[in-house]
Amino acid sequence: MSRQISFVLAGAAAVVAVILIAISASLTVVLAVGLGFLAGYLTFNALYSKSNRQADAPRLAKGSVSTDSTSTEIFALGKLFEATLGGMREGLLVVDSDMRVIASNPAAHRLFSFSRNNLESQRLTELTRNPAIYTAFLDALKGNERSGVKVETHGTGRRIFDLRVVPLNNGRNGDTSGAIGVFFDITQIEKLERVRQEFLSNVSHELRTPLTAILAFVETLETGALEDNDDNRRFLAIIRKNAARMRDLIDDILELSAIEAGNVEVETEEIELGALINDVITALGAKASSRSIAVKNKVPPGTKIVADPRRLEQMLTNLVDNAIKFNRDGGEVVISCETEEDSTRVMVQDTGDGIPSQHLERLFERFYRVDRARSKEMGGTGLGLAIVKHLARAHGGEVRVTSELGKGSVFEIDLPRTNGRV
Ligand code: ADP
């Protein structure tokens with residue numbers, strides 16, 4: 001008997017594992033092996049009568065070493081089976097031909113927030129009212145494998161699963177005696193895909209606007225305005241402005257992608273902060289003075305900060321540029337710093353209109369603008385703050401904003417003091 005059962009178990013395990021690997025390239029080997037064991041286990045359950053199991057139960061529970069090799073094999077198989085299913089991240093539900101659960105793993109319990117630990121012998125309909133799940137299992141019981149079934153749950157949070165259900169054949173006459181369902185959690189993948197699509201559509205939209213303007217003015221020039229000496233230079237200037245906007249946008253997109261992909265090296269060193277800020281102020285001086293905005297460097301001489309000089313300059317340029325752009329004429333921009341025990345905080349404060357609080361949380365997202373028209377009018381790409389956020393994080397730091405309507409905003413970059421090469 002022992003030998004027979006071993007063969008059946010091993011055979012069933014191997015056959016199911018091979019079938020599962022063959023039908024699904026995405027099933028992991030661990031999963032396939034786990035399911036193989038599961039199949040073996042279920043086959044064993046079918047072959048091994050209930051009375052025999054009851055007789056063996058006390059011995060198995062104690063884990064006593066039996067001279068009966070069958071018991072030892074069953075015990076080892078059970079343990080391995082349990083460990084495999086317990087370690088799987090994918091939720092697993094096995095039902096019999098009456099749609100009653102005959103096996104499940106902890107991931108299935110967690111994923112569906114089931115209150116009871118023991119799902120066994122409950123009907124699938126008692127566990128979930130989700131028609132997609134039910135239909136997929138029903139189809140599998142009719143012998144049809146179902147894959148790519150999208151299932152959404154709304155327990156503690158919205159989660160999305162890719163459900164795959166395969167029929168469980170009993171191996172004798174090819175009848176379906178149950179079904180195995182595996183729930184892959186694809187919430188994160190879906191989220192990333194959505195972000196990617198949003199980004200693509202934003203980029204296309206952002207590029208399309210200046211391109212449309214360029215084409216329109218070229219057409220105007222072609223259809224007669226070229227000879228109009230009053231307007232032709234003005235139209236050319238508009239074309240130039242829009243082309244420059246496209247270039248800036250593409251530069252920022254490439255920069256952001258490189259930072260996000262981790263392709264940007266952050267090489268930190270000790271820098272004289274005040275001197276670096278002076279460079280930033282000089283570069284933006286013409287822009288500030290054209291609107292009579294005073295930019296003040298209040299960083300005490302000799303203050304040191306550990307950062308990548310080029311990247312820190314880039315972050316501060318973006319923040320000071322915004323502080324000028326969104327300021328009132330004749331306003332002020334103050335750059336200061338605070339040194340904490342384990343971090344240095346650089347602050348850029350302006351006297352602009354401030355930012356309504358409902359926008360603050362999303363301000364560092366790509367293409368997020370409080371006033372889209374105003375940002376574009378000022379030649380903004382909507383990517384500056386996203387670049388600052390990513391660069392601050394690449395330094396192991398963070399960026400924050402506080403703002404008061406009618407008074408102005410303060411942007412802070414916090415960088416760790418003991419910052420080696422990140
Ligand atoms: P932009 O290219 O539009 O400046 P950013 O990513 O740098 O893009 O900024 C995103 C948005 O945040 C801006 O469009 C603006 O609405 C808001 N913003 C940024 N800095 C300030 C500031 N200092 N004062 C008021 N609003 C600001």
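We use all heavy atoms of the structure for the numbers below, so side chains are in, but hydrogens, waters and symmetry mates are not. Whatever order the structure lists them in is the order used to number ligands and atoms, beginning at 1.
The N/O atoms of L385, backbone and side chain alike, include one that comes under 3.5 Å of an N/O atom in ligand 1. In terms of N/O distances under 3.5 Å, ligand 1 is not approached by I355.
The ligand atoms of ligand 1 that sit less than 4.0 angstrom from a heavy atom of V370 are 16 (O). Heavy-atom contacts of S409 reach the following atoms of ligand 1: 24 (N) (cutoff under 4.0 Å). Shown in contact with L383 at under 4.0 Å from a heavy atom are these atoms of ligand 1, numbered in order with element: 6 (O), 8 (O). Of all atoms in ligand 1, listed by their number and element, those nearer than 4.0 Å to a heavy atom of S375 are 1 (P), 3 (O), 14 (O).
The pair R393-E260 fails the salt-bridge criterion, with no side-chain N (NZ, NE, NH1 or NH2) lying under 4.0 Å from an Asp/Glu carboxylate O. Using a cut-off of 4.0 Å between Lys/Arg side-chain N and Asp/Glu carboxylate O, E198 and K191 are scored as not salt-bridged. Using a 4.0 Å cut-off between a side-chain N of Lys or Arg and a carboxylate O of Asp or Glu, D414 and R345 qualify as a salt bridge. Salt-bridge annotation for E313 and R310: absent, with no side-chain N of the basic residue lying under 4.0 Å from a carboxylate O of the acidic one.
Not a single heavy atom of F364 sits closer than 4.0 Å to an atom of ligand 1. The shell of residues lying under 4.0 angstrom from ligand 1, judged by heavy atoms, excludes R372.
Comparing heavy-atom distances from atom 2 (O) of ligand 1 across L363, N327, T381, D252 singles out T381 as nearest. With distances taken over non-hydrogen atoms, the option nearest atom 8 (O) of ligand 1 out of G380, P356, G382 is G382.
Considering V203, T381, T209 in turn, T381 is the only one that fulfils the side chain to side chain contact (heavy atoms under 4.5 Å, CB included) rule with L249.
Taking CG of D185 as the reference point, atom CZ of R89 lies at 8.5 Å (rounded to 0.5 Å).
Closest approach of R417 to T344, counting heavy atoms only: CG-OG1, 3.5 Å.
Among all non-hydrogen protein atoms, the one lying nearest atom 4 (O) of ligand 1 is K325 NZ, 2.9 Å. Of the protein's non-hydrogen atoms, F326 CB, 3.4 Å is the one closest to atom 24 (N) of ligand 1.
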